[in-house]
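All chains are named by letter (A, B, ...) in the order of the sequence lines, taking the proteins before the strands, and each is independently numbered beginning at 1.
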There are 2 protein chains.
Amino acid sequence: MALTAKGRATRQRIIEGAAAYLRSDEPAGVTLDDIRAITGTSKGQIFHYFPDGKEELFLAVARHEAGRVLDDQQPHLGALTSWAAWGRWRDSVVARYHAQGRNCPLGALMSQVGNTPGATEVVSSLLNRWQFHVQEGIEEMQEAGLVRPGVDPQKTAAAFIAGIQGGVQVLRTSGSITHLEAALDTLIDYLKN
Amino acid sequence: MALTAKGRATRQRIIEGAAAYLRSDEPAGVTLDDIRAITGTSKGQIFHYFPDGKEELFLAVARHEAGRVLDDQQPHLGALTSWAAWGRWRDSVVARYHAQGRNCPLGALMSQVGNTPGATEVVSSLLNRWQFHVQEGIEEMQEAGLVRPGVDPQKTAAAFIAGIQGGVQVLRTSGSITHLEAALDTLIDYLKN
DNA sequence: ACCACAGTGGACCAGTGAGTCCAGAAAACA
DNA sequence: TGTTTTCTGGACTCACTGGTCCACTGTGGT
C-alpha cells in the first residue's frame, strides 16, 4: 500500500481522532461508525488504510496511546536518581491518571480487541519498558548508596508496575485514586527504609 | 416472581453454568446464546429468571464469582496473625490465580457489562472486603508487636489490593505470574522490615 | 378434578455493526 | 495531456445478538 502525503495525513487523522475520542469519553463499545463520524471519514477510507479492519485500526490506536503513557512521565521516569526525582515521578503518574479519570484509552482498547497476540504484544512491550526504567532507577539509587543493597531491583520494579496497574484499575472502576497513591507511596517507602 | 424448587434449581443452573463457562475458556464475547446452549436452557427460561436480560444475568454471575474470590483465600485471609499465616495466604493467592491462568471470570464479566452502577458496586464491594481483611491482619500484627507502629494499616492494605489487582492483570495479558508474586513478596517484606 | 400460575421451548423480530463493492474525484507521473 | 494509481463516499450485504411473544407443559394447592 503506497501512501501519498494526503493519504498519510488521513490515516493519521483517523488514529488521532479515535484516540482523542477514547480519551474524552469511553463508551461501552466503540464502533467503526463512531470513529468514522468523529474523524469525518468514510467506511471506504477506514478499510483503505486499515485493510484488516477493526483489529488493525485499534491496534494502531493502541500503539499510539502506549507511546503517550511513558512520554507523559518524562523526564522524571528517565532520571530516577534522587528521592526528589522519585517524588516528582510519583506526582506525575498520579496527576496523569487523575486527569484521565475513569477513562483509560488503553484499557478500553484492550477490552474491545481482546486477547489477540497483537494486543498482548503492545501491552507487554509498554509494561516492559516501563518496568525497565523503574529498575534502572532503583539500581542507580543503590549505586549511589541511597537504597540498601538487599533490595532486588527487578522484583521491586515488577511490584511497582503491578501496583500502578492495579491502582489504575481501581481508579477505573471505583473512581478513587487512593489506591494508586497508596501503592506508589508504600513502595517508595519500602525503598527508603 | 415466585420461584418453586424447580425454578430455583434452573436459575442456579444457569448461573453456575455461565460461571463455569467463563472459568474454563474466556471467549472475546459471551452471548446469551452461548449460555443458553451450555446450560441446556431456552431463551424463554433465561428471560423468565432474569427479566432484565443480559445485564441482570451477568451481574448475578459476577456476584457468584466475587464470592468465590475471597472464599478461595480462606481460612488464611481471615487470620493473618503470624508471618507463617501471611506466607500461607500469599501462597494461596498465587496458587489460585496460577490455576486460573489467563481466564479471569470477573474481568470478562466486567468488560462485557461495562461501567454500570451495578457492576462497579459488585467489584467495589469485593475489593473493600478484601482490603479490610488485609488491614485487620496488619493491625493485629502491630498489636502483637510484629509490625512496626509506623506502618499505616489502611494505606498499606490499599497497596496490597492494588498490587494484587495489577499482578492479576499482568497475568491476564502476558501470562506471567511473576508480577503478582513480586507485589505480594515486596509488600510483605515491607511489613517485616 | 380443576384451576391458576410457574416453567419451558422455540419461532420470530429489529437493531446493529463489521466488512464489501464500486463509481467517481483527485493526485502522481510520464 | 493522458493514464495509472490512490483517495473518497456511501449504498449495500450479511451475520449476529438481545429481546419479545406465545403456545404448550408441569405442578401445587384446594
_Verdict with supporting geometry, A:L184 and A:F160, side chain to side chain contact (heavy atoms under 4.5 Å, CB included)_ = CA-CA 7 Å; A:L184 284 166; A:F160 265 97; 4.1 Å; yes
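Counting non-hydrogen atoms of other residues, nucleotides and ligands closer than 6.0 Å to CD of B:Q100 gives a total above 12.
Here the P atom of nucleotide C:dG24 and the NE2 atom of A:H48 are 19 Å apart, to the nearest Å. The distance between atom CG of B:D33 and atom C1' of C:dG10, rounded to the nearest whole Å, is 11 Å. Between the CZ atom of B:R36 and the P atom of D:dG19 there is a distance of 15 Å, given to the nearest Å. For B:L3 and D:dT27, the CG to P distance is 16 Å, given to the nearest whole Å. What separates CD1 of A:I35 from C1' of C:dG17 is a distance of 12 Å, to the nearest Å. As rounded to whole Å, 8 Å separates atom P of C:dA18 from atom CZ of A:F47.
Counting any heavy atom pair closer than 4.0 Å across all strands shown, B:G53 reaches sugar-phosphate atoms only and no base atom. Within the 4.0 angstrom heavy-atom criterion, base atoms lie near A:K43. Using a 4.0 Å heavy-atom distance criterion, B:G44 is classed as a base contact.
Nearest nucleotide to the A:K54 side chain, out of C:dG19, C:dG10, D:dG19: C:dG19. In this structure, the nucleotide among C:dT20, D:dG9, C:dG10 sitting nearest to the side chain of B:S42 is C:dG10. Residue A:L32 has its side chain nearest to C:dG19 when only C:dT8, C:dG19, D:dT6 are considered.
For A:T4, a side-chain nitrogen or oxygen approaches OP1 or OP2 of D:dC7 to under 4.0 Å. The side chain of A:T31 contributes no N or O atom lying less than 4.0 Å from OP1 or OP2 of C:dT16. At C:dA6, none of the side-chain N or O atoms of B:Y49 fall inside 4.0 Å of OP1 or OP2 (strictly under the cut-off). For D:dT8, the OP1/OP2 oxygens have a side-chain nitrogen or oxygen of A:Q45 closer than 4.0 Å.
Looking at B:F50 and B:I15, their side chains come closer than 4.5 Å, going by heavy atoms from C-beta outward.
DNA chain D is contacted by both B:K6 and A:A5; A:A5 maps to the nucleotide lying nearer its 5′ end (nearest heavy atom per residue). Residue order along DNA chain C, read from the 5' end via each residue's closest nucleotide, puts B:G40 first among B:G40 and A:Q112.
At a threshold of 4.0 Å, the pair B:R23-B:E65 counts as salt-bridged, since one of the basic side-chain nitrogens sits closer than that to a carboxylate oxygen.
With hydrogens and angles left out, the side-chain atoms of A:S42 and A:Q45 include a donor and acceptor closer than 3.5 Å. Side-chain N/O atoms of A:T31 and A:D34 include a donor and acceptor closer than 3.5 Å.
Taking five base pairs at each end of the helix from C:dA1-D:dT30 to C:dA30-D:dT1, the local helix axes there meet at an angle of 10°, rounded to 10°.
A distance-only check finds a donor-acceptor pair linking the side chain of A:N193 to the backbone of A:Y190 [under 3.5 Å].
Applying the salt bridge (charged side-chain N to carboxylate O under 4.0 Å, His left out) test to A:D33 and every residue at least two apart in sequence or in another chain returns A:R36.
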